[in-house]
Each structure stands twice: as structure tokens, then as C-alpha cells.
2 protein chains.
Amino acid sequence: MISFLGEYESTVDAKGRFLLPAGFKKQLPQDAAAQFVINRGFEKCLTLYPLQSWNPIFETISQLNDFDPKVREFRRYFLNGATQVELDSAGRLLLPKNLIEHASLDKDIVLVSAMNKIEIWDKNKYKEFFDSFTSESFSILANEVMNPKLNN
Amino acid sequence: MISFLGEYESTVDAKGRFLLPAGFKKQLPQDAAAQFVINRGFEKCLTLYPLQSWNPIFETISQLNDFDPKVREFRRYFLNGATQVELDSAGRLLLPKNLIEHASLDKDIVLVSAMNKIEIWDKNKYKEFFDSFTSESFSILANEVMNPKLNN
DNA sequence: ACACTTTTTCCCACTTTTCGCCACTTTTTG
DNA sequence: CAAAAAGTGGCGAAAAGTGGGAAAAAGTGT
């Protein structure tokens with residue numbers, strides 16, 4: 001299982017391309033084809049899955065019963081916008097327009113590791129998110145998440 | 001088994017034709033004849049099946065017991081409106097009028113992957129569907145769908 | 001049954017966009 | 001400081017997308 005670490009900046013050019021930072025590229029298994037799936041994130045960001053991370057998720061979803069309306073709704077929402085992308089000869093990825101819009105990406109973006117995938121944020125949005133966090137609120141959150149026994 | 005990924009926009013022209021977006025066309029097996037079956041969706045949308053996806057479904061339905069009135073009813077609903085369509089030389093599909101009506105398609109449409117088939121939505125309807133989702137309601141839905149054991 | 005109108009289907013030709021590639025600049029590293 | 005790698009920009013061929021006209025088919029009325 002791949003897992004990423006780190007946070008890198010990049011810029012989107014006029015055509016909607018950005019360079020996958022060398023830091024992440026090094027973390028990809030070298031046998032990995034340069035193939036990814038990019039999707040809307042749950043928050044106002046995008047999620048970039050190397051194909052190896054995406055496949056098992058897709059596999060699970062594909063086995064659900066299509067005649068269940070909730071399944072259809074779930075799939076529609078979850079798969080919406082998911083797009084396969086590929087590194088170009090210069091190591092860049094092309095962002096689909098609708099996804100750029102979803103995440104309100106401008107020129108500067110931040111790529112953040114999220115376990116087996118990478119989140120893509122507009123630089124300012126990401127900064128706002130961070131600034132809104134004090135070390136106390138972080139500490140409380142950490143305790144809630146890491147110490148589930150307290151949650152009852 | 002074919003499976004699609006992505007979400008693309010297209011427009012229906014005055015004659016009821018729309019261009020199958022290049023993104024989807026690339027995902028079709030190249031040996032696939034340019035043949036499709038288009039049908040009413042369960043929701044207010046249309047469903048576009050490449051012939052390979054349609055055939056097994058049709059096969060299943062044809063094996064249901066014809067003496068069961070519910071089967072007859074289901075078939076009537078499900079099969080009526082199913083129409084075979086073919087790409088024209090410019091890569092467009094012609095939408096039957098009754099289906100355009102069913103999905104209230106106007107000029108702008110959105111084509112969305114739904115595993116082995118493609119859903120066709122009126123752009124505004126699709127947006128409404130989306131906007132009606134909050135990240136919480138999605139979390140609940142996801143939990144219901146992905147964790148069937150909880151549903152008893 | 002035939003002439004005429006309307007609709008459908010097919011195909012051609014043009015415009016716009018995309019994206020693969022190349023070439024250049026900047027940064028890193030040994 | 002040189003060489004390699006990282007990062008940026010942009011051209012131009014090829015594909016995508018659009019519109020419309022003509023042929024064929026279907027429909028209608030006398």
C-alpha cells in the first residue's frame with residue numbers, strides 16, 4: 001500500500017496543468033504507470049489517487065446492487081467528476097475544468113498527503129483552513145479522534 | 001466488463017443530437033461497434049448502455065417468469081423507451097423525442113459515468129441533485145450503502 | 001395512386017480547442 | 001561551478017465540436 005508524506009506547492013498554468021512535485025513523484029513506486037484518478041474531495045479540494053489506491057475502492061463500489069436507489073445516489077455523488085489522468089512528458093497533470101471550478105483553484109495550489117492519496121488545495125483556501133485552527137482546538141480534536149473511548 | 005469514469009458536458013442541437021464526449025469515446029473498447037441502447041433512467045435522466053453492457057441485462061430480464069404479473073409490469077416499464085442508437089459519422093447520437101421529454105433535456109446536458117453505463121442529465125437538474133447534498137448527508141448515505149450490516 | 005409537404009437521416013465542411021512535444025529558464029546537488 | 005534535474009511556457013498538428021444542406025423516407029390530402 002502506497003502512502004504519502006509531505007506538503008508541496010505547485011502552480012496551475014493557463015491550460016490547467018500542474019507539475020507533480022518531485023517530492024511526491026519520488027514516493028511513487030517506480031513500476032507504477034504514471035496514471036492517476038482525480039476526483040472531487042469531500043471538502044472544497046480535489047483528491048488525487050494513484051491507480052493502485054483507486055482500484056480497490058472502485059472495485060468495492062462496483063459490487064453494490066445497482067437496483068438499490070441509494071446505491072445509485074451514492075455512486076453518482078462519489079464518482080461524479082472522477083477522471084483518469086496521466087502524466088505528460090514533462091511530468092505534469094491536466095486538471096479537468098469542472099474540477100478546477102469545484103476546488104476554486106487559482107494559480108497557486110498546495111498538494112498535501114492524505115495517506116494513500118493526495119489532496120489538492122487552492123493555496124489561499126488551505127491557508128485559511130490552517131489559520132482557523134489554534135493549537136488548542138487541534139489538541140481537542142486530536143484527543144477526540146485518537147481516543148475513541150471518550151466519544152460516548 | 002467496460003466501466004466508465006468521468007463527467008462531461010455536451011449540448012443537444014436543434015435536431016436532438018449530441019456529441020459523445022471524447023472522454024467517453026476513449027473509454028469504449030475500440031472493437032466495440034458504435035452501438036448503444038438508450039433508455040429511461042430510474043431517476044429523471046436517461047441511461048446509455050454500450051451494447052456490451054445492455055446484452056447481459058436484457059438476457060437476465062428475458063429469463064424472468066412471464067406468468068408473473070409483476071414481471072410483465074416491470075418489463076413494460078423498463079423496456080418501453082429502450083431504443084437502439086448508433087453514432088453518426090461525426091460521433092453524435094440522436095436522442096428519441098420521447099426520451100428527451102422524459103428527462104426534460106434542454107440544450108445543455110451532462111453525461112455522467114455510472115459504472116458500466118452512462119447517465120444523461122439535464123445540466124440544471126444535475127446541478128440541483130448535487131446542491132441538495134451536504135457533506136453530512138453524504139456521509140450518512142455512504143455509511144448506509146457501504147456498511148450494509150448496519151441496515152437491519 | 002400520385003404529387004406535394006414535412007420530417008428524418010446522412011454526410012460534408014468549417015471553426016475551435018486540446019494536448020503532445022520541444023525548447024528554454026531556474027533550481028538543486030555533487 | 002558545472003551538470004543534471006525541476007519547473008515553465010508556448011507552438012502547431014490533430015482531434016473535437018458545430019452547423020447546415022441535400023438526399024431519403026415518411027406522412028398527408030386530393
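Numbered from 1 within each chain, the chains take letters A, B, ... in sequence-line order. Small disclaimer: the values here were computed from a predicted structure and weren't measured.
The interatomic distance linking A/Glu9 (CD) with D/dA6 (P) rounds to 18 Å, in whole Å. For the pair B/Leu28 CG and D/dA16 P, the computed distance is 12 Å after rounding to whole Å. Here C/dC21 presents its P atom at 11 Å from CD of A/Glu86, a figure rounded to the nearest Å. Note: CZ (A/Phe18) to P (D/dA6) measures 16 Å, nearest angstrom. For the pair B/Phe24 CZ and D/dG17 C1', the interatomic distance rounds to 16 Å; values are reported in whole Å. Between A/Leu87 atom CG and C/dG20 atom P the separation is 12 Å, expressed in whole Å.
A salt bridge is defined here as a Lys NZ or Arg NE, NH1 or NH2 lying under 4.0 Å from an Asp or Glu carboxylate O, and B/Asp66 with B/Arg75 meets this definition.
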Taking only N/O atoms, report every protein-nucleotides 25-30 of chain C pair under 3.5 Å with atom names and distance.
none

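The aromatic rings of B/Phe138 and A/Phe78 lie parallel to each other, their planes meeting at an angle below 30°, with 60° marking the opposite boundary. Classified by interplanar angle (parallel below 30°, tilted 30° to 60°, perpendicular above 60°), the ring pair B/Phe129/B/Tyr126 is parallel.
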Legend entry - Check against side chain to side chain contact (heavy atoms under 4.5 Å, CB included), B/Ile118 and B/Tyr49: CA-CA 7 Å; B/Ile118 297 172; B/Tyr49 301 81; over 6 Å; no

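A 4.5 Å side-chain heavy-atom check between A/Asp131 and A/Lys127 finds at least one atom pair inside the cut-off.
Judged purely by distance below 3.5 Å, without hydrogens or angles, the side chains of B/Asn80 and B/Arg40 pair a donor atom with an acceptor atom. B/Trp54 and B/Gln52 share no donor-acceptor pair across their side chains, judged by distance under 3.5 Å alone.
Under the side-chain contact (heavy atoms from CB on, under 4.5 Å) rule, B/Arg17 has a single partner from B/Leu93, B/Val12, B/Thr11, B/Leu94, which is B/Leu94.
Taking the ring axis of B/Phe133 as reference, the NZ or CZ atom of A/Arg76 does not stay both within 45° of it and closer than 6.0 Å to the ring centre.
Between the side chain of B/Asp122 and the backbone N or O of B/Asp106, at least one donor-acceptor pair lies under 3.5 Å.
Between B/Phe4 and B/Phe24, the distance separating the two ring centers is shorter than 6.0 angstrom.
No contact: B/Ser10 has no heavy atom under 4.0 Å from any strand.
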Inset, instruction - Would you give a per-nucleotide map of nucleotides 8-13 of chain C, 5' to 3', where B means the base has a protein non-hydrogen atom under 4.0 Å away, S means only the sugar-phosphate does, and - means neither? - result: SBBB--

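Residues from residues 103-113 of chain A placing a heavy atom under 4.0 Å of any atom in DNA chain C do not occur.
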